[in-house]
There are 2 protein chains.
Amino acid sequence: MTSTSRPDDAPSTDPVGFESHDHASCIASAIAEAEAHCAREGLRFTPVRRKALEILLREHRALGAYEMLDALREAGFGSQPPVAYRALEFLVGNGFVHKIERLNAFIACAHPGATHSPAFMICRACDSVAEAQATPARGALGEAARAAGFRIERTVVEAEGLCPTCSDKSDT
Amino acid sequence: MTSTSRPDDAPSTDPVGFESHDHASCIASAIAEAEAHCAREGLRFTPVRRKALEILLREHRALGAYEMLDALREAGFGSQPPVAYRALEFLVGNGFVHKIERLNAFIACAHPGATHSPAFMICRACDSVAEAQATPARGALGEAARAAGFRIERTVVEAEGLCPTCSDKSDT
DNA sequence: ATACGAACTGTTATAATATGACAAGTACCA
DNA sequence: TGGTACTTGTCATATTATAACAGTTCGTAT
């Protein structure tokens, strides 16, 4: 906790992520959420897993697996790819982290706790990523799936474009 | 053309792709579409590009770049990765082929000619892929983007689950 | 016809992303 | 305390992708 912490009721929505916000408190609460979830489910929130989640929360951007590996090595963990991939697999599997397929990279979930289908907005200029909510079963895809008899289990929804900041720059 | 060809008005929708259909005619017409498009735009529909598109149309499934490379080599083209990647880049760039990010693989467009935002249904059991239409700007993502001031240029929409066939099998 | 530039092809080499397999350590429970 | 499932770290390797450069082809303007 730093002197910048604030009560939980401040920017509780933050639907976007292109705005700045209080990292210290969102990190702490996300870690606490993960810890509680693991306790409830009988999962082992081991040091390397916790560290990986902390790194993603602290960076607040999408990291490649090898960037994660570097960070974990610096923190004193193993230095071979499976170390990073296994931690990330655990975190993704439990919904604490999402994989951005378009970037082959990983980002901490912005809505921990909520069961959700994430959607992402990826800026092609600065690589920033914001998380929103998708509504898979609704819309054209849901209809097509029902018509085809396809049983949707998971959706990847990623929009690529320009974030407000980069959009302003390119308008110049 | 084979004896199985049929008039263009038969299954004109084929919104799904989990159904079988007349490959010979859909291949021929897709190639013709691509040829016409390139002629109009002053693009060069070279032998290796044409062959790559033919291969994807014939296979009617998502192929990895190295599978494509093998097929191109067998057809007498170069045998190094850039050969495949460059042909695929051209085809994707012109909308004749889509990349399935979830699979790092490529599939021929099922709706050639139409300007569209594709959406895919990917069977996790048999890896079959069907293409549908997405409606990016509508729905929750479009709203979030407008609220955030994010300018969407392209969307990746991929649903993972079970196709009708595999779904029936797993119900047993 | 010919010279020119842009685009294309093929190659070598290497980068970036990801997984299989195994040995050693740890947690938990019977 | 012994067994079992899980976790970690490592080595080795597979898979996916791109940079750079030389030679060729294409279209066009002389």
Side-chain angles (χ1 to χ4, degrees), chain A residues 34-35 38-53 55-56 62-94 96-107 122 124 127 156 158, chain B residues 34-35 37-53 55-56 62-94 96-107 124 127 156 158:
Chain A
E35 201 159 50
C38 288
R40 274 197 307 279
E41 305 283 327
L43 301 166
R44 292 164 62 183
F45 196 46
T46 62
V48 66
R49 291 168 178 176
R50 169 186 296 257
K51 192 65 181 182
L53 180 55
I55 288 162
L56 285 174
L63 291 190
Y66 281 71
E67 288 183 277
M68 173 60 73
L69 180 56
D70 288 345
L72 288 175
R73 179 176 41 233
E74 279 170 25
F77 296 95
S79 59
Q80 300 302 317
V83 170
Y85 281 101
R86 285 193 292 229
L88 289 166
E89 180 182 33
F90 175 86
L91 296 172
V92 169
N94 289 286
F96 307 140
V97 163
H98 301 298
K99 179 170 188 183
I100 310 293
E101 298 289 345
R102 188 71 182 72
L103 302 178
N104 294 319
F106 302 83
I107 194 164
I122 306 168
R124 67 166 159 78
D127 278 348
V156 172
E158 299 173 359
Chain B
E35 202 158 50
H37 174 90
C38 289
R40 274 197 307 279
E41 305 282 326
L43 301 166
R44 292 164 62 184
F45 196 46
T46 61
V48 65
R49 292 167 177 178
R50 169 187 296 259
K51 192 65 182 184
L53 181 55
I55 288 162
L56 285 175
L63 292 190
Y66 282 70
E67 287 182 278
M68 172 61 72
L69 180 56
D70 288 344
L72 289 175
R73 179 175 42 233
E74 278 171 25
F77 296 94
S79 59
Q80 300 303 317
V83 169
Y85 280 101
R86 285 193 293 229
L88 289 166
E89 180 182 33
F90 175 86
L91 296 172
V92 169
N94 290 286
F96 307 140
V97 164
H98 301 298
K99 179 170 187 182
I100 310 293
E101 299 288 345
R102 188 71 182 73
L103 302 178
N104 295 319
F106 301 83
I107 193 163
R124 67 167 159 78
D127 277 347
V156 172
E158 299 173 0

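Here is how names work: the chains are called A, B, and so on, in the same order as the sequence lines, proteins then strands, and each is numbered from 1. Every value quoted in this text rests on a predicted model; they were computed, and no experiment measured them.
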Given [options], the nucleotide with the shortest approach to the side chain of [X]:
X: B:Val48; options: C:dT11, C:dT9, C:dA18; result: C:dT9
X: A:Phe77; options: C:dT11, D:dG9, D:dC11; result: D:dG9
X: A:Pro82; options: D:dT8, C:dT19, D:dA17; result: C:dT19

Calculate the interatomic distance between [X] atom [atom1] and [N] atom [atom2]; express it in whole Å.
X: A:Leu91; N: D:dT7; atom1: CG; atom2: C1'; value: 14 Å
X: B:Gln80; N: D:dT16; atom1: CD; atom2: C1'; value: 15 Å
X: A:Arg50; N: D:dT8; atom1: CZ; atom2: P; value: 13 Å
X: B:Leu69; N: C:dT11; atom1: CG; atom2: P; value: 10 Å
X: A:Glu89; N: C:dA18; atom1: CD; atom2: P; value: 12 Å
X: A:Glu41; N: C:dA27; atom1: CD; atom2: C1'; value: 18 Å
X: B:Leu103; N: C:dA18; atom1: CG; atom2: P; value: 13 Å
X: B:Met68; N: D:dT16; atom1: CE; atom2: P; value: 14 Å

At under 4.0 Å between heavy atoms, what does B:Arg49 touch on the DNA or RNA strands: base, sugar-phosphate, or nothing?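 The answer is sugar-phosphate, as B:Arg49 gets under 4.0 Å only of primed atoms, P, OP1 or OP2.
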Return the 5'-most residue of the pair B:Arg44, B:Lys99 with respect to DNA chain D, ranking by each residue's nearest nucleotide.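 Between the two, 5'-proximity favours B:Lys99.
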Report the residue (A:Leu43 or B:Ala65) whose heavy-atom-nearest nucleotide on DNA chain D is the more 5′ of the two.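 This one resolves to A:Leu43.
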When you measure from the side-chain N and O atoms of A:Ser79 to the phosphate of D:dG9, is any distance below 4.0 Å, counting only OP1 and OP2?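 No.
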Closer than 4.0 Å, any side-chain N/O of A:Tyr85 to the OP1 or OP2 of C:dA18?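 So the side chain of A:Tyr85 is within the cut-off, an N or O lying under 4.0 Å from OP1 or OP2 of C:dA18.
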Got [X] and [Y] here, is their nearest side-chain heavy-atom distance under 4.5 Å?
X: B:Phe90; Y: B:Thr46; result: no
X: B:Phe77; Y: B:Lys51; result: yes
X: A:Met68; Y: A:Leu56; result: yes

By nearest nucleotide on DNA chain C, pick out whichever of A:Asn104 and B:Phe90 is the more 5' one.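 This one resolves to B:Phe90.
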Which sits closer to the 5' end of DNA chain C, A:Phe106 or B:Val83, going by the nucleotide each is nearest to?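 It is B:Val83, whose closest nucleotide lies nearer the 5' terminus.
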Any donor-acceptor pair under 3.5 Å between the side chain of A:Tyr66 and the base of C:dA15?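 Looking at the base of C:dA15, it does not pair with any donor or acceptor on the side chain of A:Tyr66 (distance under 3.5 Å).
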Can you see which heavy atom on A:Lys99 is nearest to which on A:Asn104, and at what distance?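 Looking at all heavy atoms of both residues, the closest pair is CE-CA, 4.2 Å.
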Please assess A:Leu53 against A:Phe45 for the test side chain to side chain contact (heavy atoms under 4.5 Å, CB included), listing each intermediate value before the final yes or no. CA-CA 10 Å; A:Leu53 180 55; A:Phe45 196 46; 4.0 Å; yes
